[in-house]
Engineer: 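One structure is given below, represented as structure tokens, and several questions about it will come after.
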Amino acid sequence: PKDREQVVARALELGINYFDTAPSYGDGLSEQRLGDALRSLSAPAYVGTKFSLWPEDMGDARSAVARSLEGSLRRLGRESVDLLQLHNPVARERRGAVVGLKEVLETVVPALQALRAQGKIRFVGITALGDTEALHELIGAGVVDTAQVCYSLLNPSAGQPVPASFPGQDFGGLLDQCRERGVGALGFRVLAGGALSGGSERHPVATRSVEPIASGPDYLTDVRRAQRFRILVEEGHAASLVEAALRFAVSTGAMSTALVGYSGLEQLKTAAAAAERGPLPPAALERLAAVWRELASSG
């Protein structure tokens with residue numbers, strides 16, 4: 001607990017004022033321990049959490065969303081949260097855990113609006129995974145305040161065009177869509193679950209294995225592909241691969257927040273120092289285009 005409080009306190013000192021969590025992180029322990037730390041520190045901070053819906057929930061989605069939120073508030077020790085986000089991917093039609101676009105617009109959004117009217121939440125958001133076309137349509141509908149957008153050196157397609165054969169889902173410039181609609185974009189997987197450290201080793205308290213999202217078929221493939229970006233370090237654009245990845249995440253003006261998971265104080269310091277250095281220089285961004293073409297041609 002003291003280590004957690006120390007890291008949260010240092011994050012706040014560094015100007016980090018938003019904390020992202022979810023009921024599924026540690027089976028509720030993430031919410032509980034974040035709430036404990038913030039209460040112990042008496043620290044004001046923005047908190048966002050999430051909810052997931054399953055096929056059996058759709059008969060009464062309003063109640064299902066409300067139940068999930070009440071559980072989150074209980075674990076966090078709060079009366080409300082700043083942001084509540086749909087955790088499911090979104091597609092044109094429902095497929096198991098993937099929620100259909102029509103369901104979101106006609107059922108989920110009204111449920112969130114009801115919670116906002118009760119003062120339980122301030123803003124509503126989505127995790128922008130699923131079918132690219134459906135995600136663009138949902139953002140374009142103007143019914144959500146934020147979107148968690150997958151954006152990294154290994155998959156930059158939410159921010160700029162990629163070659164047709166690029167490995168990974170093409171999000172078709174989703175960040176531009178967010179900016180045009182005034183939707184706050186929260187970049188996630190900016191380190192590809194750790195693969196953009198360039199190594200396969202995991203911190204002792206980190207998740208032991210990570211499934212890629214919108215990138216390679218497995219974690220080791222992501223690690224192998226990450227090695228290609230060491231050219232940014234070799235040419236002096238960044239001091240490390242992690243720094244290059246973090247600075248890339250903040251190199252687009254369309255990104256409101258870059259989400260970074262850290263397992264200890266040193267990782268937090270590394271992330272903060274990288275952000276302090278600001279976006280990658282234009283020469284580095286130009287260099288990246290060649291690396292992405294190489295990935296598209298060779299995988």
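Positions are given from 1, in the same order as the sequence printed here. Predicted, not measured: the structure shown is a model, and the values here were computed from it.
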Engineer: Would you check if Thr127 and Leu86 make a side-chain contact, meaning some heavy-atom pair closer than 4.5 Å?
Structural biologist: no
Engineer: Heavy-atom count check: over 12 atoms from other residues, nucleotides or ligands less than 6.0 Å from Tyr46 OH?
Structural biologist: no
Engineer: Decide yes or no for Leu129 and Val90: does some side-chain heavy atom of the first lie under 4.5 Å from some side-chain heavy atom of the second?
Structural biologist: no
Engineer: Between Asp82 and Ile121, does a side chain to side chain contact (heavy atoms under 4.5 Å, CB included) hold up when you go through it step by step?
Structural biologist: CA-CA 5 Å; Asp82 300 286; Ile121 63 176; over 6 Å; no
Engineer: For residues Ala195 and Ala226, report the shortest heavy-atom separation together with the two atoms involved.
Structural biologist: O-CB, 3.4 Å
Engineer: With a cut-off of 6.0 Å (strictly less than), are more than 12 heavy atoms of other residues, nucleotides or ligands near CD of Glu235?
Structural biologist: yes
Engineer: Measure the shortest side-chain to side-chain distance between Ser24 and His87 over non-hydrogen atoms and say whether it is less than 4.5 angstrom.
Structural biologist: yes
Engineer: Would you mind reporting whether Phe248 and Pro156 have side-chain heavy atoms less than 4.5 Å apart?
Structural biologist: yes
Engineer: Drop me the distance from Gln160's CD to Thr252's OG1, to the nearest 0.5 angstrom.
Structural biologist: 7.5 Å
Engineer: So, Gln227 and Arg230: side-chain donor and acceptor under 3.5 Å apart, yes or no?
Structural biologist: yes
Engineer: So which heavy atom on Pro281 is nearest to which on His237, and how close?
Structural biologist: CG-ND1, 3.9 Å
Engineer: Is it the case that the side chains of Arg228 and Ser298 hold a donor-acceptor pair, with the cut-off being a distance below 3.5 Å and no angle test?
Structural biologist: yes
Engineer: Restricting to non-hydrogen atoms, name the atom on Ala245 and the atom on Leu153 that form the minimum distance, rounded to 0.1 Å.
Structural biologist: CA-CD1, 3.7 Å
Engineer: Is it true that Glu70 and Lys120 have a side-chain N and a carboxylate O under 4.0 angstrom from each other?
Structural biologist: yes
Engineer: Can Ser152 and Arg189 be said to form a side chain to side chain contact (heavy atoms under 4.5 Å, CB included), step by step?
Structural biologist: CA-CA 7 Å; Ser152 74; Arg189 283 299 175 105; 5.6 Å; no
Engineer: With clusters defined by side-chain heavy atoms of hydrophobic residues (ILVMFWY) lying less than 4.5 Å apart, directly or transitively, does Leu268 cluster with Val250?
Structural biologist: no
Engineer: Within a 6.0 Å radius of atom CD on Gln118, are there more than 12 heavy atoms belonging to other residues, nucleotides or ligands?
Structural biologist: yes
Engineer: Let's go through Leu84 and Val124 carefully: what are the C-alpha distance in whole Å and the side-chain angles of both, what is the deciding distance for side chain to side chain contact (heavy atoms under 4.5 Å, CB included) to 0.1 Å, and is it a yes or a no?
Structural biologist: CA-CA 5 Å; Leu84 184 61; Val124 303; 5.7 Å; no
Engineer: Would you name the heavy atoms of Ser72 and Pro23 that are closest together and state the gap between them?
Structural biologist: OG-CG, 3.5 Å
Engineer: Calculate, to the nearest 0.5 Å, the distance between atoms CG and NE2 belonging to Asp176 and His136 respectively.
Structural biologist: 9.0 Å
Engineer: Go through Glu243 and Thr270 one step at a time and tell me if the side-chain hydrogen bond (donor to acceptor under 3.5 Å, both in side chains) criterion holds.
Structural biologist: CA-CA 8 Å; Glu243 180 190 309; Thr270 297; over 6 Å; no
Engineer: Could you verify whether a donor N or O on one side chain and an acceptor N or O on the other, from Gln85 and Thr49, lie under 3.5 Å apart?
Structural biologist: no
Engineer: Measure from NZ or CZ of Arg202 to the centre of the six-membered ring of Tyr219 and say whether it is under 6.0 Å with the direction within 45° of the ring axis.
Structural biologist: yes
Engineer: Decide whether Leu196 and Val223 are clustered together by the hydrophobic rule: side chain heavy atoms of Ile, Leu, Val, Met, Phe, Trp, Tyr closer than 4.5 Å, transitively.
Structural biologist: no
Engineer: Would a hydrophobic clustering, with Ile, Leu, Val, Met, Phe, Trp and Tyr connected at side-chain separations under 4.5 Å, put Ile213 with Leu220?
Structural biologist: no
Engineer: Looking at Gly125 and Leu83, what are the two nearest heavy atoms and their distance?
Structural biologist: N-CD1, 3.8 Å
Engineer: Could you tell me if Tyr262 and Lys269 have a donor-acceptor pair between their side chains, going purely by distance under 3.5 Å?
Structural biologist: no
Engineer: Would a hydrophobic clustering, with Ile, Leu, Val, Met, Phe, Trp and Tyr connected at side-chain separations under 4.5 Å, put Leu73 with Phe19?
Structural biologist: yes
Engineer: Should Phe171 and Leu135 be marked as a side chain to side chain contact (heavy atoms under 4.5 Å, CB included) after you check the CA-CA gap, both sets of side-chain angles, and the distance that decides it?
Structural biologist: CA-CA 9 Å; Phe171 288 101; Leu135 294 172; 4.3 Å; yes
Engineer: For Glu13, does the CD atom sit with more than 12 other heavy atoms under 6.0 Å from it, leaving out its own atoms?
Structural biologist: yes
Engineer: Side chains of Ser40 and Glu5 only: does a donor on one sit below 3.5 Å from an acceptor on the other?
Structural biologist: yes
Engineer: With a 4.0 Å cut-off on N to O distance, would you call Arg95 and Asp131 a salt bridge?
Structural biologist: yes
Engineer: Quick check: does any side chain N or O of Ser251 sit under 3.5 Å from a backbone N or O of Leu280, one acting as donor and the other as acceptor?
Structural biologist: yes
Engineer: Salt bridge between Arg92 and Glu137, side-chain N to carboxylate O under 4.0 Å?
Structural biologist: yes
Engineer: Is there a path from Ile231 to Val233 through hydrophobic residues (I, L, V, M, F, W, Y) whose side chains come within less than 4.5 Å of each other?
Structural biologist: no
Engineer: Are any of the side-chain heavy atoms of Ser68 and Lys50 separated by less than 4.5 Å?
Structural biologist: no
Engineer: Does Ser157 have any side chain to side chain donor-acceptor pair (under 3.5 Å) partners at least two apart in sequence or in another chain, and if so, which?
Structural biologist: Asn155
Engineer: Distance-only, no hydrogens or angles: does the Ser165 side chain make a donor-acceptor pair with backbone N or O of Ala296 under 3.5 Å?
Structural biologist: yes
Engineer: Please answer whether the main-chain N or O of Leu34 pairs with a side-chain N or O of Arg39 as donor and acceptor at a distance below 3.5 Å.
Structural biologist: no
Engineer: Has Arg181 got a side-chain atom pairing as donor or acceptor with Val183's backbone, closer than 3.5 angstrom?
Structural biologist: no
Engineer: In this structure, which one of Leu241, Val291, Leu288 forms a side chain to side chain contact (heavy atoms under 4.5 Å, CB included) with Leu232?
Structural biologist: Leu288
Engineer: Find out whether Leu175 and Arg179 are in side-chain contact, i.e. whether some heavy atom of one side chain is under 4.5 Å from a heavy atom of the other.
Structural biologist: no
Engineer: Determine, step by step, whether Phe188 and Tyr151 satisfy the ring pair (Phe, Tyr, Trp, His ring centres under 6.0 Å) criterion, reporting the C-alpha distance in whole Å, the side-chain angles of both residues, the deciding distance to 0.1 Å, and the verdict.
Structural biologist: CA-CA 6 Å; Phe188 79 103; Tyr151 187 67; over 10 Å; no
Engineer: Does atom CD of Glu211 have more than 12 heavy-atom neighbours from other groups under 6.0 Å away?
Structural biologist: no
Engineer: Take Glu31 and Thr21, measure what side-chain hydrogen bond (donor to acceptor under 3.5 Å, both in side chains) needs, and give me the verdict at the end.
Structural biologist: CA-CA 6 Å; Glu31 290 178 321; Thr21 184; 5.0 Å; no
Engineer: Check side chain to side chain donor-acceptor pair (under 3.5 Å) between Tyr18 and all other residues, then give those that pass, not counting sequence neighbours.
Structural biologist: Asp20
Engineer: Working to the nearest 0.5 Å, report the span between CZ of Phe123 and OG1 of Thr146.
Structural biologist: 9.5 Å
Engineer: Side-chain contact test, heavy atoms from C-beta onward, threshold under 4.5 Å: evaluate it for Thr132 versus Leu174 and give yes or no.
Structural biologist: no
Engineer: Any donor-acceptor pair under 3.5 Å linking the side chain of Asn88 with the backbone of Leu53?
Structural biologist: yes
Engineer: Rounded to the nearest 0.5 Å, what separates atom OG1 in Thr107 from atom CG in Asp60?
Structural biologist: 10.0 Å
Engineer: Nearest 0.5 Å, what's the CG-CZ distance between Leu246 and Arg277?
Structural biologist: 12.0 Å
Engineer: Could you check if a side-chain atom of Val99 sits within less than 4.5 angstrom of a side-chain atom of Arg94, using non-hydrogen atoms only?
Structural biologist: yes
Engineer: So, Ser197 side chain and Gly194 main chain: donor-acceptor pair closer than 3.5 Å or not?
Structural biologist: yes
Engineer: From Leu186 CG over to Ile126 CD1, what is the distance, rounded to the nearest 0.5 angstrom?
Structural biologist: 11.0 Å
Engineer: With no hydrogens and no angle check, is any side-chain donor or acceptor of Asp222 less than 3.5 Å from a backbone partner on Gly216?
Structural biologist: yes
